[in-house]
Structures are given as C-alpha cells and as structure tokens.
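Single-structure report; data block below.
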Number of protein chains: 4
Amino acid sequence: MGGTMDGTRQRRRGDTRQRIQDVALELFAEQGYEKTSLREIAERLEVTKAALYYHFKTKEEILVGIFEDLTRPVDDLVAWGREQPHTLETKREILRRYEAALSAAAPLFRFMQENQATVRELRIGDSFKERMLGLRDILIDPEADLVDQVRCASAMFTLHAGMFVLRDLDGDPGEKREAVLEVAIDLVTQAHRGTGRP
Amino acid sequence: MGGTMDGTRQRRRGDTRQRIQDVALELFAEQGYEKTSLREIAERLEVTKAALYYHFKTKEEILVGIFEDLTRPVDDLVAWGREQPHTLETKREILRRYEAALSAAAPLFRFMQENQATVRELRIGDSFKERMLGLRDILIDPEADLVDQVRCASAMFTLHAGMFVLRDLDGDPGEKREAVLEVAIDLVTQAHRGTGRP
Amino acid sequence: MGGTMDGTRQRRRGDTRQRIQDVALELFAEQGYEKTSLREIAERLEVTKAALYYHFKTKEEILVGIFEDLTRPVDDLVAWGREQPHTLETKREILRRYEAALSAAAPLFRFMQENQATVRELRIGDSFKERMLGLRDILIDPEADLVDQVRCASAMFTLHAGMFVLRDLDGDPGEKREAVLEVAIDLVTQAHRGTGRP
Amino acid sequence: MGGTMDGTRQRRRGDTRQRIQDVALELFAEQGYEKTSLREIAERLEVTKAALYYHFKTKEEILVGIFEDLTRPVDDLVAWGREQPHTLETKREILRRYEAALSAAAPLFRFMQENQATVRELRIGDSFKERMLGLRDILIDPEADLVDQVRCASAMFTLHAGMFVLRDLDGDPGEKREAVLEVAIDLVTQAHRGTGRP
DNA sequence: CATGAATGAGGATTCATTCAT
DNA sequence: TATGAATGAATCCTCATTCAT
C-alpha cells in the first residue's frame, strides 16, 4: 500500500493537506463537485476517508481551502484596481492581470465556471460573486452607453469562456491566450471611444 | 389536497407529463440537477415519486424530455444555417435567431450554463455539444485570423452569458437584450473586416 | 428470510409502521436510545434501513411516534386533573390512574426513566417535562409546608421508580404494584394532615 | 492559548488527570455519556485527544476513575452499615450519611440517575448495583410487610430523585435538603412501626 | 394513471482508538 | 507528557429505482 522506503511515503508526511486539495480539485474539475465523493478522493490518495476529516472539517471546507489559496491573486487585483483611476489603461492592465490569474489557476476557474449552480449554494459563492462585482465596477462605467457597458462585460465573459471553451480549437495555446486577451482588450477599448475620457 | 371540481384537478388530467417537466426545469434551474431530488419534484406536484416513473423512465429522461422539447428551434437553426452561404449577413441572422431561441427557453439555457459539469456527463451533453459545434462551424471561418476566430466565439459567449449575468444590471430587459445582440453582431462584423468576403 | 405463504409475510402488510415502533421500543428500553442503531432495528424486522425511513423521517421520529401513541392517557389524565378541585380524593385518584397509565406503558416509561439525559435533548423532552409539571401542580400545594411538598413529590418518585426498581424484589407483581400505590397514596395523605383542607 | 508564565499553565502541570475528570464529569452530566465525545473533552481542556489516552486507557476508564474517586464514601457507608445492628437508628443514620454523600458528589449521582441505561452496560454498572443492593439490605427487612419494604425503598428513591428533580422548586437549597431527608427518615420510621423491633 | 411499500447502493460525517515521534 | 496524523468501524440519512396492486 504505497511506497515504504522509497521516499513516496516519506515525502507524504506533512503535505497531506496539500495533496488532498490537489486531488480534490482535479476530481472536482473533472466530474463536478457533487459527483465527486470523499471516498473517491481518499482512494486516489490511498488514505481513509477519516484522514480527510483530520485535515478538513467538511467536504465544503476542502473546496473553500482550495478557493482561498488560489483566488488571492484575484483578490489583490480587485484591491489594486479600486485604487487606480478608472482610465482605459487601467482597464487594459486589469484584463491582462486577470487573464494571468485565470491561467495560473485554470483548473479552479474551469471548475467554478462549470459548476455555477453548485458554487452558488456554497460558502464560496458569495466571496466569488463579490470579486466579480468588484471587477465589474472597475471595468464598467455605469454612465456609459448600455452597449458599451455590455462590451465591457463581454470582455470578461470572453476571458472566462475563452480559457476553457477554446481548448478544442486547434492552434498553439500561447497564441490562443494572446488572441483571447486581444479581443477582450479590444472590447474595452471600443467601449471607451466616444467617451471623452482618457 | 388539490381542487376536486373546480377545474384544478380537471385541467391536470393528461398534462401531468408537461407539469412534471415544468416543475423539474424550475427546480433544476434553481438548485442544479444533482441537488434536485425526485422527491422534491413529486412533492411540489403533489404526486408520488412513483408517478414520475409512469411518465419518465429515469430522472435523466425528464431532463432529456425538456431538452428535446425546448432546443428544437436551435436544431432547426443549425440546419438552416448549414444550407446558407457563409456570408456576414447569414452570420448576423444566425445570431439574431439564436438570441431569440435562447430568450424563448431562458430557464433551460440558464440551467445548461450553470450545470455544465453535470450536463457533460449526461446523455444530452453530446447533443448539445454537437449543436454548439454546428453553430461554431457556421460562425467561425477556420481560415480566418486567430483573433477573428476568437471574436466570433466571443459573440456566442456574449449571447450565452449576457442572458443571465446581466440580470442584476439595471435597465429595461428589452433594451439589454438588444444591446447584447448588438455587441455580438458587432464582433462578428469586425471579424469580417479584412477578409475579402461579403 | 421470513415466512412466505404461511401468513407471516401477509400479516406484515400494512402494519410495518407499528412493528417498527414495537421493535424500536423493545431495543430502546433494553440498550438505550443512542446505543440502538437503525441497522439493528431493521435487521430484527428483516427489512432494510431505508424501509424505516419510508415510515419515519428520522430516528427521533420513531421515538416521537411511540411517545405520542403511548402517553396520551397521561395527557388526558393531566387534563382531567386540572379540572378537578384540588382535594385529597382527587390526588388519590390521580395517583391511581397515573399508576395504571405507567403500568400500561411500562416499557416506554422505563425507557424514559433510564434515558433521562438523552430524552432531555430530544423533541419529546419538553412534552414530557410539561406533563410532569402538570401532575406536580395538581399534587403539590405550593402553600403547604415544604416537607409536605416533598412528600407529594416523593409519591411520584415512588410510582416511577417503584415500577422498575422493584422488579428484582421477589413477590407477586400484582401485590407489589398495590404496595407501591399504597405507599404513594399514604404520602399524599400525610401531606394533607394539618392543612385544614378536605 | 493558555497562560505561559502567569501560573495558569504552571498549575496545570501534574494535575491534568484530575482536570480531565472534572471536565468529563461536567460534560457527562450535562449531555450524557454517549453524546459527549473525547474530542469535546479535549477541546475544552485545550489538549489533544491523544493526551487523554496518556492518562486513561479508554473513554470508559475516565468514567471509572471519576466513579471510584467519588463513590468511596458510599462504599465506606455500606461497609459501616453492614456491621451495625439493623435498628431503626442505624437506618436513620444511614440515610443521613447517604444524603451527605449524594450531596457531596451531586454531579456524579445526577449523571448516574440520568444515564441508567448507559451505566448499566458499563463496567461501573455492576459496582454501583452492588452498592445499591448493599444499602437495600440494610434498610429493608425482608421479613417485613411488603408495604413497609416499599416504604424503605421509597426512602432511597426520595433521596435520589429529590436531589435533582427539586432543583426547579423554589426555596432555600439547604432547607430543601433537610425536607427531603426528613421525608426519607419518616418513611423508614413508619416502616418500623408495628415490627416489635427497636 | 397512480400509489404504497420497499430496496440497494451510496452519501457525508463522527467516533474511539493507535502509534511513531 | 504530550502531539500529529491516521484508521476502521459505525452512524444517520438520502437517493434513484422497482413493482405489485
């Protein structure tokens, strides 16, 4: 049952908590939150279900842990954004950084996107919505033309969906990312035309 | 326990199947597919779980039924689109009609969007993906610039997400729909600039 | 697995709910509430655990059901007592009837006595306490001498404990019941001496 | 996290065993034995569950420890009683001393009373029953009238139940204790009338 | 058309206990 | 003296599904 003296066991010491989160995220992203059972997670880690409970109080807490660890960059981004002037360049920079954050934690964000109904009921649902609204408030100017507001929202959707839906489009991943970002930036830029702002 | 002679019961005769689908969709959209139990559906209809099984072979079949009933328009749209020349005007028309189809069956599409992980594992997952790819093939020109391909994809995301995410933006629903459609059409139009096509 | 054509199975139809309560009470009284698992109850009935849940929403509800069925007489007794004048004869009659009620549902009351800590946390705890206080208010005169108040309380304890603790004293059960009742009545009678009341 | 140099931690050294027992008894009495988990005890003491196992071999042993420490007086009482002549005065003295013992270890006896079903299955169940029978043999004369035997038993019930049930009766605790004792002694005294004994 | 009764599989969670350090 | 990490067995409960009536 699992390596004995070859280091496998050794290295497992102390990092079990992390390993649980890794495996859990993998399975959550693959099959969805509800369809992933703690039994499955435990089996893949070659530990017992009870071991999971040593590290996390509930199934939900496992997800919360992952979420908190991985979304800090977005948190910081929102905080940073709030303090910047709402110029076009700020918005572009927001999109660039946001794209980077999404890419860095792609599995989590894929999970969030594909399990919205579930996430909404969970503790993280609110935190997440708040972040989204934070970004929205920075990107969208409430006094702009409605169509331009939609353009900015659309820039976000593009980033979100682009990450995952474009996987089955062929082409170099790096190039695709760049293309997605370009379209998003373009949308925000167009939204700024006509306003007399910088 | 349900009216007797006042018509409530009467009208219920024969349309139970439909009523099941209505309630099911309502709950699926509200709470997600997995978190909605047959018990819940049955209770809300004031029938027994067994009654559901008289009308549908499995829980999944309930969803399949809803899906088939409500996505025929999209099916037809794809079929129609395939026979049209891939001109810009065709694409615009596709977007217009697609937007209309989404609006007409908003709860279902909201459900599909928020339960992607679940839907993927279900029988309807494939049908749905096929339709999506059908639309994509019409909207996206594989020989176009990558950025322009993304623009077309983005037009679809905008339609999808715009439907639901914009609900908490204030403004007249009709106007919002129009704005969303305009942005989508705009994206497709931009994607056509530069190509020497009509 | 249980008789097939000999009537055992037949008779089981329809009375499963009652059979669950019977077996449950038996086990609750024997081993305590917490130490009795639903698995055990189900096994003894040769049904599945899930069958129990068809008839009762929770483990606690099984007990609630038993309790409600079996304590109605005490309920009625309290109601009756409240409308009587607080004379000595009323009190004697209360004790007589209470003793009868306890005997009629001996296993339940034994259970209640031996699982007070558990019962207190359960939904029935309050109902039960209320009944007890109801009886107390009838039996105990708050203006009487403290010692006489204790005498009346003691009459109740005697009835309660007498039922069960005296099981291992030898002698005819009927005679023992009578003796217990006599002591209880005696206590109440003594408590009345000295008061100028009837 | 627990004082460091202020004496709190200091004083804790060495008396952990006692502190475990104190907290355990508190919780056992409050919630019952089964519903009190070692986790809970450990948490309240700000130690780990494993620490409990350093001091006690099992959960049951914690209770055994408490029991042995606190019931020695009753033990002694029984031993003393056995060597006395079975006179009325002896019985009165037994009741007086027993009442004192119960009061001194009220939480434990409250626990025993409210968790009879549990205690019966535990190792201490037998020891306890033995003590009770010891007292009974001293108080009850097997050749006496059945009613008088019940009177003596009732004296014990009164002491037991009086301790706890009378808590919500108002009045000075000291006076209540005296009243309870008086009733108990009275019962035993009455049981002696008619016998030609001293 | 629909129900009442039941099942089998599986869910998350909790517990007392162990043991190397 | 204690802890950190883990286990195995059990818990209550829920679910989709079945079938005789």
Side-chain angles (χ1 to χ4, degrees), chain A residues 1-2 9 12-17 20 34-42 45-62, chain B residues 12-17 20 34-42 45-62, chain C residues 9 12-17 20 34-42 45-62, chain D residues 12-17 20 34-42 45-62:
Chain A
M1 290 199 186
R9 261 266 188 272
R12 287 189 181 173
R13 281 263 189 64
D15 62 343
T16 305
R17 196 189 144 92
I20 292 172
E34 341 255 359
K35 298 248 293 188
T36 302
S37 69
L38 295 185
R39 181 182 49 71
E40 227 173 335
I41 298 176
L45 285 166
E46 289 177 293
V47 291
T48 49
K49 269 180 291 168
L52 306 184
Y53 279 91
Y54 176 76
H55 295 279
F56 297 93
K57 270 222 304 272
T58 65
K59 183 184 180 184
E60 190 173 344
E61 286 296 311
I62 299 182
Chain B
R12 285 189 181 174
R13 279 250 200 79
D15 63 343
T16 305
R17 193 189 147 91
I20 292 172
E34 341 256 358
K35 297 246 295 188
T36 301
S37 69
L38 294 186
R39 180 177 52 68
E40 224 173 336
I41 298 176
L45 286 166
E46 289 178 294
V47 291
T48 45
K49 268 182 294 171
L52 305 184
Y53 278 89
Y54 177 81
H55 294 279
F56 298 93
K57 271 222 306 269
T58 66
K59 182 184 181 184
E60 190 173 345
E61 287 297 312
I62 299 181
Chain C
R9 261 266 187 271
R12 286 190 181 172
R13 282 266 187 62
D15 62 343
T16 305
R17 194 189 148 92
I20 292 172
E34 341 253 0
K35 298 248 294 188
T36 301
S37 69
L38 295 185
R39 181 180 51 69
E40 228 172 335
I41 298 176
L45 285 166
E46 289 178 295
V47 291
T48 47
K49 270 180 289 169
L52 306 184
Y53 280 92
Y54 176 75
H55 294 279
F56 297 93
K57 272 221 303 271
T58 64
K59 182 184 181 184
E60 190 172 346
E61 286 296 310
I62 299 182
Chain D
R12 286 189 180 174
R13 277 254 198 77
D15 62 345
T16 304
R17 192 189 148 90
I20 292 172
E34 340 256 359
K35 297 246 296 187
T36 302
S37 69
L38 295 185
R39 180 179 50 69
E40 224 172 335
I41 298 175
L45 285 166
E46 289 178 292
V47 291
T48 44
K49 269 182 293 172
L52 306 184
Y53 279 89
Y54 178 80
H55 295 279
F56 298 93
K57 268 224 306 270
T58 66
K59 181 184 182 185
E60 191 173 345
E61 287 297 311
I62 299 181

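The chains referred to below are lettered A, B, ... by the order of the sequence lines, with proteins before strands, and numbering in each begins at 1.
With contacts defined as side-chain heavy-atom distances shorter than 4.5 Å, the pair B:Thr16/B:Leu45 does not qualify. Counting heavy atoms from C-beta outward, A:Val47 and A:Ile20 have side chains that stay 4.5 Å or more apart.
Base pairing of E:dA20: its partner is F:dT3, meeting the Watson-Crick or G-U wobble criterion (both donor-acceptor distances under 3.5 Å).
For the pair C:Leu52 and D:Thr36, nearest-nucleotide mapping onto DNA chain E gives the more 5' position to C:Leu52. Closest-nucleotide positions on DNA chain E for B:Thr48 and A:Glu34 were compared, and the one nearer the 5' end corresponds to B:Thr48. Comparing B:Glu40 and B:Ala50 by the nucleotide of DNA chain F whose heavy atom lies nearest to each, the residue mapping closer to the 5' end is B:Glu40.
Side-chain N/O atoms of B:Thr16 include one lying less than 4.0 angstrom from OP1 or OP2 on E:dA2. In terms of phosphate contacts, C:Ser37 brings a side-chain nitrogen or oxygen within less than 4.0 Å of OP1 or OP2 of F:dT11. Within the structure, a side-chain polar atom (N or O) of D:Arg39 is placed less than 4.0 Å from OP1 or OP2 of E:dC15. Contact between the side-chain N/O atoms of A:Tyr54 and the OP1/OP2 oxygens of F:dA5 is found at a separation under 4.0 Å.
Straight-line distance between the C1' atoms of F:dT21 and E:dC1: roughly 13 Å, to the nearest whole Å.
Judged by distance alone, with hydrogens and angles left aside, the side-chain atoms of C:Lys59 form a donor-acceptor pair with the main-chain N or O of C:Thr36 at under 3.5 Å.
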